[in-house]
Amino acid sequence: MNMKKSTYLMITALLFSSGGGFAQTKPAASANPKMNSFISTLMSKMTIEEKIGQLNLVTGGEATTGSAVSSDVEGKIQRGQVGGIFSMTTPQRIRKAQEIAVNKSRLKIPLIFGQDVIHGYKTTFPIPLGLAATWDLPLIQKTAKIAATEASADGLNWTFSPMVDISRDPRWGRISEGSGEDTYLGSEIAKAMVKGYQGDDLTKYNTIMACVKHFALYGAAESGRDYNTTDMSLHRMYNEYLPPYKAAIDAGAGSVMTSFNDINGVPATANKWLMTDLLRKQWGFDGFVVTDYTAVSELIDHGLGDLQQVSALSLKAGVEMDMVSEGFLNTLGKSLKEGKVTEEQINNACRLVLEAKYKLGLFDDPFRYCNDARAKKEILTPANLQAAREVATQSFVLLKNQNNLLPLKKSGTIALVGPLANTRSNMPGTWSVNAELNNTPSLLEGLQTVVGKNVKILHSLGSNLLSDPAYQERATMFGREIPRDNRTEEVIIQEAVENAKKADVVVAALGESSEMSGESSSRTDLEIPDVQQRLLAALLKTGKPVVLVLFTGRPLALKWESENVPAILNVWFGGTQAAPAIADVLFGNVNPSGKLTATFPQNVGQVPIYYSHKNTGRPLEEGKWFSKFRSNYLDVTNEPLYPFGYGLSYTTFSYGDIKLSASSFKAGESITAKVTVTNTGNYEGKEVVQLYTRDMVGSITRPVKELKGFQKISLKPGESKEVTFALTADDLKFFNADLQYVAEPGDFKLFIGSNSRDVKEADFKLL
């Protein structure tokens, strides 16, 4: 780390001596003596070149996930110079590559096959930010299990997921790929995803190994610009950003991927404190670490040396597998001869890679994932597609519904307008590299499927996605094109207006294309593109009721839309069955129940904005806009447009007062909080009941609210349920100034409500 040696040693001592939380000692060598014996025997037969070969991960080149491609893959496999392949699919192709490894290489060591299975495989589910909005952990785990079943049926045994990076900056495109801004929720989802992928036995043919990414702090890149520097205090790191990684490790994740950013001056891929001291010695991680795409060679541009130097740094930091750079393959032998790395370091790395293959059962049967019959029967099944449709409906967030405009009637005429209205390829969302884009129904097709001939649909483009053709080209890469209409903007809009005048209601499908979020898709402007805003304004001037169906991979700044559009349904990118799922919700077949997991700002100037912020010494009085010499803005309030946890329903819910089982408790005891929730509307619906706490006095500054629990319940009209939460001292722990994991006695507030803003509250003490 970039600090004086004495300070570093002091902090390291604190980390290893702290009494809980992340402070753990590395466990003893694997408790599997059979595996240990097998791998030791195998390694005794391996040359140093073959050991280094196991550390080399190459790309098969089918899916575009980076800018470089590997060469002479088959020859390298035969020479024992490849440990694994990614972006290669189907049992036939994978079997061919595996046959080279086990029949033509000297020691017949099988390959591991990975892929970016991010939110489903062929059957795609909502983007992870949308999945998180379901607040339904069993449902999220089920999506990972289906993804594992399909991916393994197509020959894969390793996924580069879950991405558990906390992000509070919606300018960062990869916020779409994570679970949002909250530490607790992110940790719970991380565990669910790992369990869904890996099941209870990695040797089962329908499970795949998880890879937790990006370690670490990638979601806090400066200015929201991808691959950029991250710099934060250890206190923030430990309390807010590291817990989801730790949760995934504790759930048994078999591998970890390095992040691109630097941390305290040292890029993650070369950061020994991160990869060895924290990950292995403190957390006890016993899997293997793989870099992200070309992250080793990118250390050259970080300024750490040439390829030989940065490869040695990465190995010594605790990296086992080099993705695509081939720095390990081409330089570690030379570095070993020159004394810049040791044989023990190479042996340790090789052993961990071989252990992963052993745990996957590849030494017992290298072709266990190459079953043509499974590929034909278990991918894109009717059951999987139905699950995708149901999950998508649960992910949508109703942001506004003035005068109960929604749900729509299944009769009359609808004007369906917008650049997202009739595109198949954008429905699955970013990082859906295996989706069959042309077989995914568009929103127009989805509406027609659900309502049939009962509703007349008048479709028009209304506007291009973006006014700038070059920008639109950048925003529709990887086969996600939206054809441009080269007529004038005025003519295109007028055509939509004429349709709107003939309709009973207008459905405007607007927002981002799928590739306007995701990797290398950072934005400085968080509003709906200006040409779409002008379309929306023209539609509203017709006087017809307008429903904004908002496609987005990030929180957007929707202040004007929120003030002027009567109904807004945020549908993210819902996956393979997004279109019929949207129709299900628009027409009331399903009542929306999604809740935001990332705060929506009023404008980009409020970023970063998140609910669990600290108080200042000059806080703004609640309910006020501006007070001189207080922490506020001249031009807008401090409040978000839509707070964390927010989401409406077609019905309404009321909350009774909180009932605590006691006014105080001490360590070793617990306290329960009960609240009665009633469905006061006319529809059956689901509500996410959320529990927050606030530590009123601490040895360090504490957040104004922290999520500590949630339950998703279903209520019929008029029905009430008593929801109970239990809290212990462990739920109140945090890392103090000395990085000790403690619960400090004192006064606390407890909040329960439908989102982080609209809550009931009660007081209690920890003795």
Side-chain angles (χ1 to χ4, degrees), residues 26-27 30 32 35 39 54-59 65 82-88 109-118 144 147-148 151-152 156-165 177 190-191 193-204 207-216 218 242 244-260 268-269 271 274-276 278-280 283-293 295-296 314-315 317-325 328 348-363 369:
K26 186 177 180 180
S30 172
N32 187 337
M35 178 179 72
I39 293 191
Q54 287 299 305
L55 315 185
N56 189 32
L57 179 63
V58 300
T59 174
T65 58
V82 175
I85 298 178
F86 72 101
S87 291
M88 176 182 285
I109 299 173
L111 302 169
I112 186 172
F113 291 89
Q115 179 62 285
D116 287 281
V117 182
I118 306 299
S152 61
L156 299 168
N157 43 47
W158 184 26
T159 175
F160 305 132
S161 176
M163 194 198 92
V164 302
D165 302 320
E177 198 181 331
K191 291 187 286 188
M193 292 293 289
V194 170
K195 291 175 182 176
Y197 288 135
Q198 297 192 168
D200 56 7
D201 183 358
L202 268 177
T203 63
K204 290 183 178 178
T207 62
I208 56 179
M209 180 174 285
C211 185
V212 182
K213 66 184 189 184
H214 305 87
F215 196 59
Y218 190 32
L242 290 179
Y245 305 107
K246 177 65 162 53
I249 298 303
D250 288 347
S255 62
V256 167
M257 181 181 287
T258 67
S259 56
F260 286 118
T269 303
N271 197 313
L274 188 69
M275 298 300 163
T276 297
L278 177 65
L279 181 62
R280 296 201 182 282
W283 293 0
F285 176 62
D286 63 357
F288 74 98
V289 173
V290 62
T291 73
D292 207 332
Y293 210 109
V296 169
S314 300
L315 179 73
V319 170
E320 281 78 49
M321 189 170 264
D322 170 10
M323 184 188 288
V324 179
S325 293
F328 282 10
N348 287 340
C350 178
R351 174 175 287 274
L352 288 169
V353 172
L354 295 175
E355 284 184 357
K357 296 178 179 183
Y358 187 97
K359 292 171 184 175
L360 286 165
L362 291 172
F363 287 107
Y369 300 93

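Position 1 is the first residue of the sequence, and the numbers go up from there. Because the structure is predicted, anything quoted here is derived from the model rather than measured.
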Worksheet item: What about the rings of F285 and F215, do their centers lie closer together than 6.0 Å?
Response: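 They do not qualify: ring centres at least 6.0 Å apart.
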Worksheet item: Under 6.0 Å between the ring centres of Y293 and F260?
Response: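 No, too far apart.
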Fill in: Residue from T159, T207, L202 passing side-chain contact (heavy atoms from CB on, under 4.5 Å) with Y197
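The passing option is T159.
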Do the non-hydrogen side-chain atoms of [X] and [Y] ever get within less than 4.5 Å of each other?
X    : Y    : value
V290 : L57  : yes
N157 : S152 : no
F113 : M88  : yes
E355 : M35  : yes
V117 : L156 : yes
K357 : I109 : yes
L279 : I249 : yes

If I take atom [atom1] from residue [X] and atom [atom2] from residue [Y], how far apart are they, to the nearest 0.5 angstrom?
X    : Y    : atom1 : atom2 : result
I112 : I208 : CD1   : CD1   : 10.5 Å
T269 : M257 : OG1   : CE    : 10.0 Å
M163 : H214 : CE    : NE2   : 6.5 Å
Y369 : L362 : OH    : CG    : 6.0 Å
E320 : T291 : CD    : OG1   : 11.0 Å
C350 : M321 : SG    : CE    : 9.5 Å

Which atoms form the tightest heavy-atom contact between [X] and [Y], and what is the distance?
X    : Y    : result
A247 : K191 : O-CG, 3.5 Å
T276 : G318 : OG1-CA, 3.8 Å
W283 : L242 : CH2-O, 3.9 Å
A190 : P244 : CB-O, 3.6 Å
S325 : A295 : OG-N, 4.0 Å
G254 : Q198 : N-OE1, 3.0 Å

Item to complete: Mind running side-chain contact (heavy atoms from CB on, under 4.5 Å) on L111 and V82 for me, showing each step along the way?
Response: CA-CA 8 Å; L111 302 169; V82 175; 3.9 Å; yes
Discussion item. Checking V58 against V324 for the side-chain contact (heavy atoms from CB on, under 4.5 Å) test, could you report, in this order, the C-alpha distance in whole Å, the side-chain angles of both residues, the deciding distance, and whether it holds?
Written reply: CA-CA 5 Å; V58 300; V324 179; 6.0 Å; no
Worksheet entry | F328 backbone acceptor or donor facing D322 side chain under 3.5 Å |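 Checked: pair present.
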Discussion item. Donor-acceptor check, side chain of R280 to backbone of G287, threshold 3.5 angstrom: yes or no?
Written reply: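 Looks like yes, one N/O pair under 3.5 Å.
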Practice prompt. Check step by step if side-chain contact (heavy atoms from CB on, under 4.5 Å) holds for K359 and T203.
Written response: CA-CA 6 Å; K359 292 171 184 175; T203 63; 6.0 Å; no
Worksheet item: Are the charged groups of D116 and K213 less than 4.0 angstrom apart, N to O?
Response: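 A salt bridge links D116 with K213.
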Item to complete: I would like to know whether Y245 and D165 meet side-chain hydrogen bond (donor to acceptor under 3.5 Å, both in side chains); could you show each step before the answer?
Response: CA-CA 8 Å; Y245 305 107; D165 302 320; 2.5 Å; yes
Fill in: Step-by-step side-chain contact (heavy atoms from CB on, under 4.5 Å) determination, F363 to L354
CA-CA 9 Å; F363 287 107; L354 295 175; 4.0 Å; yes
